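Structure record follows, encoded as structure tokens.
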Protein chains: 2
Amino acid sequence: MNRTSQTKRTTIYDLAELAGTSASAVSAVLNGNWKKRRISAKLAEKITKLAEEQGYALNMQASVLRRDRSRIIGMIVPKYDNRYFGSIVEQFEALARERGLFPIVTCTRRDPALELEAARAMLSYQVDCVIATGATDPDRVMDLCSAAGVRTINLDLPGSRAPSVISDNYGGALELTRRVLANCEKEYGEKTPLLFVGGRGSDHNTMERVRGFRDAHTQAGIAVDEALVLTCGYAPDKAENAMTQLAERATDLPRGMFVNSTISLEGVMHWIRRSGHYADRVPQLGCFDWDPFVAMLGDHIEMVRQDVPKMLDAVFGIIDSGATDLTVVQIPPIVEKIG
Amino acid sequence: MNRTSQTKRTTIYDLAELAGTSASAVSAVLNGNWKKRRISAKLAEKITKLAEEQGYALNMQASVLRRDRSRIIGMIVPKYDNRYFGSIVEQFEALARERGLFPIVTCTRRDPALELEAARAMLSYQVDCVIATGATDPDRVMDLCSAAGVRTINLDLPGSRAPSVISDNYGGALELTRRVLANCEKEYGEKTPLLFVGGRGSDHNTMERVRGFRDAHTQAGIAVDEALVLTCGYAPDKAENAMTQLAERATDLPRGMFVNSTISLEGVMHWIRRSGHYADRVPQLGCFDWDPFVAMLGDHIEMVRQDVPKMLDAVFGIIDSGATDLTVVQIPPIVEKIG
DNA sequence: CAATGGTGCTCAATCGATGAAGCAAGAATT
DNA sequence: AATTCTTGCTTCATCGATTGAGCACCATTG
């Protein structure tokens, strides 16, 4: 290795000196456009070899400072505590790298202030593009970015001023509700309205899912019980509290439930076990989101799995094409039952 | 907002011009050491106000290029598909931000080549420090980084040339095995050896866990069945294949299992359901790692939850103190049973 | 033999922020 | 009144990579 390794990093100037040439030539060779700059193959090879030997690493800060595009792409994501966001991030990184982009991901814990702070930090790092995933306030993120001339794409939750890629929440919820209603009827022999629990009443996805939930009831000839629509937030303890309160005021608990995310399901399941309310007859469940262990919990659970690969293909399709129109791409989720 | 927003970003030179002062003064004011540089409070206020109005954002690439430390901290992580790594990343980001560091996280999918590529990319971005989490080849990452004068800390899996923070794998495995053995004896009235499945035979954690597994057997007066130690890899399908092959050659299947990670458990559970081998009598299970839904799967599962907050406190303790000695900090995991 | 063209490089400005060194003007000291 | 100190700035080199402009040299061409 290089003897001065611990003190200073090798730069193109060091390599130029060693090769007896100019920094300009070194730069051209190492960033690949030496043909355009008419550097001889012989010199190119010499420099490449030297760079290797010296363990040269490009200083991206210097490179980005000079270039017009940074080739850094940012993503903000609410949480890492479920498979859905986990696979979004994993796919995002893979697809970004495939395109020679450097991905930066930040978890903002569903906190609007953190979202803005994270976006600001990304802008400081000169990102070319920000993907706002499940953002609480996608439009404010968008405003911040567009003021800096940086494009935004919304994922999972739509915004009103940037292109968005989301699941077909209505369609998924409609089908999921249908199935749970059918399971209830099969199991209990009667038509009863379901409980809807989890999510924020103000977010687009939850509203659309509630709409699908309602329409499925209507189509099945069942009246929705408005006291059973609990958009209490996503967090497990919020869902659990909502269940506790429901049990206190309701004389009869619902036979089936539509649970809006695995993370809310965590709270609901916890309540079911602790409260003992469903000790004799398990409720029929539907969960909007997928988790392998939930699938193993029993055959009384239906799940909707959002189509992450297709969603991210759509996102990078928009990035690659440079489109900025306000389209909302809806990706059909996969409704599956794992017995 | 700024009218030239779409074309060019505001720089300190723009602000200097607007304020009728020098870029140097603007820089001093905005990076907070204007007192040291003897800028008047009046001018400081004026510049701060202007920066706000113009939506100024620091260009980090330029700033980092000039500074000696970048205040960027990198982490490589194998996967985002389980709670353990998910919470590691979430905590890491939070603690980094608390210290004014900018976290960059990259998922390397347990691929040694990707690990090195990711480390190289991070070095290009001038990271001050790299945390190698669950790295397949932590020492090569370490070599790369140290050649660039960047410190490394190993997390989850230890390396031989940098400080490491890991779980007490031996202790956790010992206790977990004890419990599963006890459950087996209680349930079946006889002492039988357990199955060990999942993980890599070559990785430190797996070896330590196998050691705990063996010692617990010995202490209970049970001989380990060597044919039942299946370190087949972590991936669900690898665990599932290992089970299939075991079932083909074994006449009698084990009463209890030590499953090395939730991700392997996914494969094992899948096999159990598909094969029908345990249809009449559920096996007693122990899982090294925690997942809320696994906890709900039944009372026949014991889990070890690695203490992520303590582990990351230890990591940042090392970072803050600047220690570089080759200590391996072992954090006791939490052995819990959720019924 | 002069003009033209191509090849293979080097020079120097530039990106935006930082901070050591220095300078001018007023205040305090002798 | 002359000196020193303090305050409040400005100037300028610098970090490392990129790239337009340009220069020297050799090979063709008319």
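Since the structure is predicted, the reported quantities are computational estimates derived from the model, not experimental observations.
Atom CZ of A:R67 is separated from atom C1' of C:dT14 by 15 Å (rounded to the nearest Å). B:Y13 places its OH atom 13 Å from the C1' atom of C:dA13, with the value rounded to the nearest Å. Look at CZ on A:R37: it is 11 Å from C1' on C:dC11, rounded to the nearest Å. Rounded to an integer number of Å, the gap from CD of B:Q61 to P of C:dG16 is 12 Å. Atoms CG (A:L65) and P (C:dT14) sit 14 Å apart, rounded to a whole Å. The distance between atom CZ of A:R69 and atom C1' of D:dT18, rounded to the nearest whole Å, is 16 Å. Atom C1' of nucleotide D:dT6 and atom CD1 of B:I39 are separated by 15 Å, given to the nearest angstrom. Rounded to whole Å, atom P of C:dC9 lies 17 Å from atom NZ of A:K36.
The neighbour count for A:R140 CZ, taken as heavy atoms of other residues, nucleotides or ligands under 6.0 Å away, does not exceed 12.
Applying the salt bridge (charged side-chain N to carboxylate O under 4.0 Å, His left out) rule to A:R151 yields no partners; only residues at least two apart in sequence or on another chain are considered. For the salt bridge (charged side-chain N to carboxylate O under 4.0 Å, His left out) test, no residue two or more places apart in sequence or in another chain qualifies with B:K35. Contacts of A:Y234 classified as side-chain hydrogen bond (donor to acceptor under 3.5 Å, both in side chains), with partners at least two apart in sequence or in another chain: A:D203, A:T206. Every salt bridge (charged side-chain N to carboxylate O under 4.0 Å, His left out) that B:D320 has, sequence neighbours left out, goes to B:R99. Residues that satisfy the ring-ring contact (aromatic ring centres under 6.0 Å, His included) test with B:Y84, not counting sequence neighbours, are absent from this structure.
The phosphate of D:dG16 has neither OP1 nor OP2 within less than 4.0 Å of any side-chain N or O from A:S63.
Sorted by first and then second residue, the ring pair (Phe, Tyr, Trp, His ring centres under 6.0 Å) pairs involving residues 9-54 of chain B (not counting sequence neighbours) form an empty list. The ring pair (Phe, Tyr, Trp, His ring centres under 6.0 Å) pairs that include a residue from residues 121-164 of chain B are A:F102-B:Y125, where partners are two or more places apart or lie in different chains.
Interatomic distance, CD of B:Q306 versus CD1 of B:I331, reported as 11.0 Å (0.5 Å rounding).
You'll find a donor-acceptor pair under 3.5 Å spanning the side chain of A:R66 and the base of C:dT14, going by distance alone.
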Atom pairs, N/O to N/O, protein against nucleotides 22-24 of chain D, distance under 3.5 Å?
none

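Near DNA chain C, meaning a heavy atom under 4.0 Å away, the residues from residues 22-35 of chain A are A:S22, A:S24, A:A25. Within residues 40-51 of chain B, the residues approaching DNA chain D are B:S40, B:L43, by heavy-atom distance under 4.0 Å.
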Can you give each donor-acceptor pair under 3.5 Å made by side-chain atoms of residues 37-50 of chain A, sequence neighbours left out, with the distance rounded to 0.1 Å?
residue, atom, partner, partner atom, Å
A:R37, NH2, A:S24, OG, 3.4
A:S40, OG, A:L43, N, 3.3
A:K46, NZ, A:A19, O, 3.2
A:T48, OG1, A:A44, O, 2.6

Would you give me the side-chain donor-acceptor pairs under 3.5 Å for residues 308-317 of chain A, sequence neighbours excluded?
residue, atom, partner, partner atom, Å
A:K310, NZ, A:D307, OD2, 3.3

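Considering only the side chain of B:N59, C:dA17 comes nearest among C:dA17, C:dC15, D:dC9.
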